[in-house]
**Student:** 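One structure follows; several queries about it will come next.
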Amino acid sequence: MKYPFSEVEDKWVKRWEERKIHKTNLDDLKKKIYTLVMFSYPSGSKLHCGHWYNYGPTDSWARFKKLQGFSVFEPMGYDAFGLPAENNAIKTGVHPYDSTMNNIKDIREMLKRMGCMYDWDSELMTCVPEYYKWNQWLFLQLYKRGLAYKKEAPVNWDPVDQTVLANEQVLPDGTAERSGAKVEKRMLSQWFFKITDYAEELLDGLDKIDWPEKTKTMQKNWIGKSFGTEAQFKIDGHKDIITVFTTRPDTLFGVTYVVLAPENPLVQKLVTEDNKAAIDEYIDTVKHFSEIERTSTVKEKTGVFTGAYAINPVNNQRVPIWVADYVLASYGTGCVMAVPAHDERDFDFAKKYDLPIIKVILQDGTNEEDELTAAFTEAGTMINSGQFNGLNSDDGIDKITDYLIEKEIGDRKVNYRLRDWLISRQRYWGTPIPVVYCEHCGEVPVNEEDLPVILPYDVEFKPNGGSPLLKCEDFINTTCPKCGGKAKREPDTMDTFVDSSWYYFRYLNPKYDKGMFDVELAKKWVPVDMYVGGAEHATMHLLYARFIHKFIRDIGMINCDEPFTKLIHQGTITNQGAKMSKSKGNVVNPDDFISVYGADVFRMYLMFMGQYDLGGDWSDKGIVGVERFVQRIYTICENHKDLASEVSSVEKLEISKLNDAEKNVYRKINQSLSKYEKEIDNFRFNTTIALLMEALNIIHDNINGCSKEVQLYVLERFIAMVSPVGPHLGEECWEILGFDKSIFEEPKWFIVDEAALIADSVIIPIQINGKLRAKIEVAIDCEESEVKAIVHADEKVKSYTDGMTIVKEIYVKNKIYNIVVK
RNA sequence: GCCGAAGUGGCGGAAUUGGUAGACGCGCUGGACUCAAAAUCCAGUUUGGCUCAAACCAAGUGCCGGUUCGAGUCCGGCCUUCGGUACCA
């Protein structure tokens, strides 16, 4: 009979829901596993292949853990705020709330068709006041402790649309994606979270978590800790001092100019009359470059002389002060000492503007007179450096820094590349920032008891000049929480990464209204044991979440240090070598396959395609193979209907009492069980499916020669292994075999009979001079002396060894026998 | 440029971490069943040589070299593809 996947899948989805089989009892903490995939972003109403690839296999892992007896919590929700919904609204006129809610409705239905064991009572979405209220509360806690603050920061301004753009809306050539206008930089006062206070701990904590090395390295580089020296340069004829940061104080004698970032306030102070016009023009030009253009290494460096001079603190050399956009205002001190001989950027710049190049570090094996064709950036021996001549770079770094400290013109300094987290968005579809501006009291945070600050529904969100909420009179006009006088609300909303930085706490009780989350439950269930999601979140979401977690710990609401103990990234499923996207028109729609093959087949095929973390190129070539596999499983169970009511289950069988067919299946099922546990536990789903297919082949060939007792022994184990990867199929087969309870309602796992893993005999390949020449069958664990006799009695071996001298013989027990002849 | 991953049959991919390369699946070939087809089942399938066939021989995991009794796996030097990153002083 053909496997009626459609009826079967409907039946089990319904039954799981009716009987709340996937409800996790959070108070029951036998052995807890909190497993989570990054929640879905409902910007469209469809789930694509990537979602299935992310959610399906992870759910199979979770189901396996459940069968093993763990108390597994697997929730699902929606990252519902954000730009795509707002952009869609601008384009179509459909309100973001309406489109998002509609999309969530559709996505929820599709998620249910996947057959995952989500606990739907824990479902959450971020765009409702019950959720975003706590973003606001979190903001106030950060604010109270000085970790939320306001400062001027540049935004991408589209002069045609009169609106602020996100970085991803700016094309690489610096024009706006929508209007095509040249994007400008504009300074706006914006809110920041002080993640840099946690830089050191965010770095240290990486050692304690089981994450892919690659991801940890990315975070490490992103935090970018560097040890260096700050040195002070006097300015000729000025009181002001220029402080530079360098990791190479050993090259200090090689400084031939100093460079300030265009935004550095010192520029205006020290520029001379003659050069003012040129400098102003330069700064104006720079403003029109996008971040991407400005920091492109391909772009030729440009700069302008200020007319002022600085004094090198170690040799009193007078060096010109330039302004150039290759120096960033946001890193270090916004000024650098330029050493063209030993820094690539300075070298290029000096060549272009004909500035002197002084060699102060000598590369081993070269001469002082040799001309530099490129900057020498490695360590070497110091020259042209006064009393420091002859030192190697490492010593020089220490000695020169000590010298600067002694003269009180410098110090050791640690810098981080990490910058504070800018959370202000000049957008409508997000969490309102809970701050008001009073005519008398200035900036005042909203009182906690007045939360949430509700995001109004009726708002003109089409681009019209600034934050959309600015134009919403009912929202923007309010009273001051302090003095009761007239005040205006903050019109900006929060970055959606705030929403996702703590959602894993909220899942435990999304309706909780006494606080941000249920602290007692969180202490039992957090951290998340298994977190699965795309590698593209390595430095944003995953770093923000770690930061917020540590903050929440510091205000006493949780006692662990890290949110996600183990992290796995799924690979990307491409189509014809390219990422799937609507614009390329290469999106594979899962529905097309589910309607033909069913959800289980589609899930299993995605798992079978290849290594989970590598992803792969989509092809439907092999899906029929999985379909046949499913059909064969179904047929074999149908042929043994109600077996469980005819004979009873046994834990173990005596191998010596079994006939050959029984031995074959008994061994195979135990070997498979043992291997299965290792493979699926490590997210190796492709080999998990393969080993099940292999087992089925053996079962198929031998089952008719087995007693009913053995048949049940084998089939119940086999179906238990199928259930996590094909949950509907597994449940159906379990029922067909005659078990009356759902396998996930009464989780069942089996202990491997270790005795069955050991074969009686083993085939030993015989190599002669490293080439395979023969094979012999010997008893397991056979000693060398015994094997040797058998090997040398072999006719084939004899033909290769006769008349030759045996130089050496190597025997690896149960593995191989190698003879070296001459 | 730098960092990371990958490169194995016609195709997707396995390989106990140094021990029979090609598991499992797709496709293909032949056979059984059928009036016939589909479905299903059985057998075969790295390439080349020699064979009616089996047996056998040789080559073979991106390229060149090395270590080892033995290398897809380790080492040195390249090539290609895909991710990530982008002047951090």
Side-chain angles (χ1 to χ4, degrees), chain A residues 2 212-215 217-218 220-222 224-226 228-229 244-248 251 259 261 291-292 294-299 301 324-328 330-339 342-346 348-349 377 415-419 535-536 538-539 569 571-572 574 577-579 605 608-611 613-626 628-629 631-632 635 675 678 684 686-697 700-701 763-775 796 807-812 814-821:
Chain A
K2 186 139 169 53
E213 278 310 313
K214 190 183 155 187
T215 310
T217 306
M218 278 171 76
K220 205 174 149 194
N221 294 339
W222 192 262
K225 185 179 187 179
S226 80
T229 299
V244 301
F245 173 76
T246 179
T247 52
R248 292 296 301 274
T251 64
V259 194
E291 189 86 355
I292 299 156
R294 227 187 106 171
T295 56
S296 161
T297 44
V298 203
K299 189 184 126 248
K301 298 180 195 344
D325 68 349
Y326 78 92
V327 173
L328 309 172
S330 51
Y331 182 76
T333 59
C335 331
V336 303
M337 57 178 226
V339 186
H342 306 292
D343 181 284
E344 280 171 35
R345 295 153 297 178
D346 300 344
D348 293 345
F349 195 80
T377 58
N415 260 330
Y416 297 92
R417 180 187 178 276
L418 183 69
R419 305 189 202 162
E536 67 273 19
T539 50
H569 297 304
T572 314
T574 54
K579 261 188 192 161
Y605 179 58
F608 188 53
M609 267 176 59
Q611 257 182 64
D613 53 352
L614 293 182
D617 204 45
W618 170 259
S619 151
D620 57 12
K621 281 262 174 61
I623 196 165
V624 293
V626 177
R628 284 175 199 153
F629 173 57
Q631 180 61 49
R632 296 217 291 166
T635 308
K675 207 171 157 199
K678 291 189 196 95
R684 287 193 293 257
N686 53 338
T687 46
T688 302
I689 304 284
L691 80 87
L692 289 174
M693 288 173 165
E694 216 176 306
L696 183 64
N697 288 341
H700 179 266
D701 291 347
I763 291 173
I764 301 282
I766 302 166
Q767 291 187 344
I768 291 162
N769 286 352
K771 280 190 193 292
L772 177 71
R773 294 300 182 193
K775 291 174 191 177
K796 192 85 194 296
V807 181
K808 202 174 180 183
E809 289 177 69
I810 299 118
Y811 173 59
V812 182
N814 300 330
K815 283 266 161 71
I816 202 155
Y817 197 100
N818 196 355
I819 305 170
V820 186
V821 297

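Residue numbering restarts at 1 for every chain, and letters A, B, ... go by the order of the sequence lines. FYI, side chains are in, hydrogens and waters are out, and symmetry mates aren't considered; it's all heavy atoms of this structure.
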**Student:** Base, sugar-phosphate, or nothing for A/Val624, non-hydrogen atoms under 4.0 angstrom?
**Tutor:**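 The answer is sugar-phosphate, as A/Val624 gets under 4.0 Å only of primed atoms, P, OP1 or OP2.
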
**Student:** Between the protein and nucleotides 65-69 of chain B, which nitrogen or oxygen pairs are less than 3.5 angstrom apart?
**Tutor:**
residue : atom : partner  : partner atom : Å
B/C69   : OP1  : A/Lys808 : NZ           : 3.2
B/C69   : O2'  : A/Asn818 : ND2          : 3.4
B/C69   : O2   : A/Asn818 : ND2          : 2.4

**Student:** Using nucleotides 11-13 of chain B, report all nitrogen or oxygen pairs with the protein that are shorter than 3.5 Å.
**Tutor:**
residue : atom : partner  : partner atom : Å
B/G12   : O2'  : A/Met609 : O            : 2.9

**Student:** Taking only the C1' atom of each, what is the distance from B/C11 to B/G22 in whole angstrom?
**Tutor:**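 Those two atoms are separated by 13 Å.
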
**Student:** Got a sec, which residues hit salt bridge (charged side-chain N to carboxylate O under 4.0 Å, His left out) with A/Asp348, two or more places apart in sequence or on another chain?
**Tutor:** none

**Student:** Just checking A/Arg684: base, sugar-phosphate only, or nothing, at a heavy-atom cut-off of under 4.0 Å?
**Tutor:** nothing

**Student:** Could you run down the sub-3.5 Å N/O contacts of the protein with nucleotides 58-61 of chain B?
**Tutor:**
residue : atom : partner  : partner atom : Å
B/A58   : OP2  : A/Arg773 : NH1          : 3.2
B/A59   : OP2  : A/Lys771 : NZ           : 3.2

**Student:** Hey, can you pull the donor-acceptor pairs under 3.5 Å for the side chains in residues 616-624 of chain A, sequence neighbours left out?
**Tutor:**
residue  : atom : partner  : partner atom : Å
A/Asp617 : OD1  : A/Thr574 : OG1          : 2.7
A/Asp617 : OD1  : A/Asn575 : N            : 3.4
A/Asp617 : OD1  : A/Gln576 : N            : 3.2
A/Asp617 : OD1  : A/Gly577 : N            : 2.8
A/Asp617 : OD2  : A/Gln576 : N            : 3.4
A/Ser619 : OG   : A/Lys621 : N            : 3.0

**Student:** Ignoring the backbone of A/Ile816, work out which of B/U20, B/A89, B/C88 is nearest its side chain.
**Tutor:** B/U20

**Student:** Who pairs with A/Thr215 by side chain to side chain contact (heavy atoms under 4.5 Å, CB included), at least two apart in sequence or on another chain?
**Tutor:** A/Trp211, A/Pro212, A/Ala538, A/Leu542, A/Leu567, A/His569

**Student:** Taking only residues two or more places apart in sequence, or in another chain, which ones meet A/Lys796 in a side chain to side chain contact (heavy atoms under 4.5 Å, CB included)?
**Tutor:** A/Ala774, A/Asp794, A/Tyr800

**Student:** I want to verify a distance call: between B/A89, B/C56, B/C3, whose nearest atom is closest to the A/Lys796 side chain?
**Tutor:**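 My answer, after comparing the listed nucleotides, is B/C56.
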
**Student:** Search all heavy atoms of A/Met337 against all heavy atoms of A/Thr246 and return the closest pair with its distance.
**Tutor:**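 Smallest interatomic distance, heavy atoms only, reads CE-OG1, 3.7 Å.
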
**Student:** Run the numbers on A/Lys2 and A/Gln631 for side chain to side chain contact (heavy atoms under 4.5 Å, CB included), then give the verdict.
**Tutor:** CA-CA 7 Å; A/Lys2 186 139 169 53; A/Gln631 180 61 49; 4.0 Å; yes

**Student:** Could you work out, with side chain to side chain contact (heavy atoms under 4.5 Å, CB included) as the rule, every residue matching A/Ile816, not counting sequence neighbours?
**Tutor:** A/Pro765, A/Gln767, A/Val812

**Student:** Using Watson-Crick and G-U wobble pairs whose two distances are both under 3.5 Å, how do you write the pairing of RNA chain B as dot-bracket, with | for links to another strand?
**Tutor:** (((((((..(((......[....)))((((((.......))))))((((......))))..(((((..]....))))))))))))....

**Student:** My understanding is that only residues two or more places apart in sequence, or in another chain, count here; which of them pass salt bridge (charged side-chain N to carboxylate O under 4.0 Å, His left out) with A/Glu809?
**Tutor:**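 Result, salt bridge (charged side-chain N to carboxylate O under 4.0 Å, His left out) vs A/Glu809: A/Lys788.
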
**Student:** Does a side-chain N or O from A/Arg628 land closer than 4.0 Å to OP1 or OP2 of B/G25, or not?
**Tutor:** no

**Student:** With rounding to the closest Å, how many angstrom separate the C1' atoms on B/C3 and B/A14?
**Tutor:** 29 Å

**Student:** Which residues pass the salt bridge (charged side-chain N to carboxylate O under 4.0 Å, His left out) test with A/Lys579, not counting sequence neighbours?
**Tutor:** none

**Student:** Return the set of residues passing side chain to side chain contact (heavy atoms under 4.5 Å, CB included) with A/Lys771 (not counting sequence neighbours), or none when no residue passes.
**Tutor:**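 Scan of A/Lys771 (side chain to side chain contact (heavy atoms under 4.5 Å, CB included), adjacent residues dropped) gives A/Arg773.
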
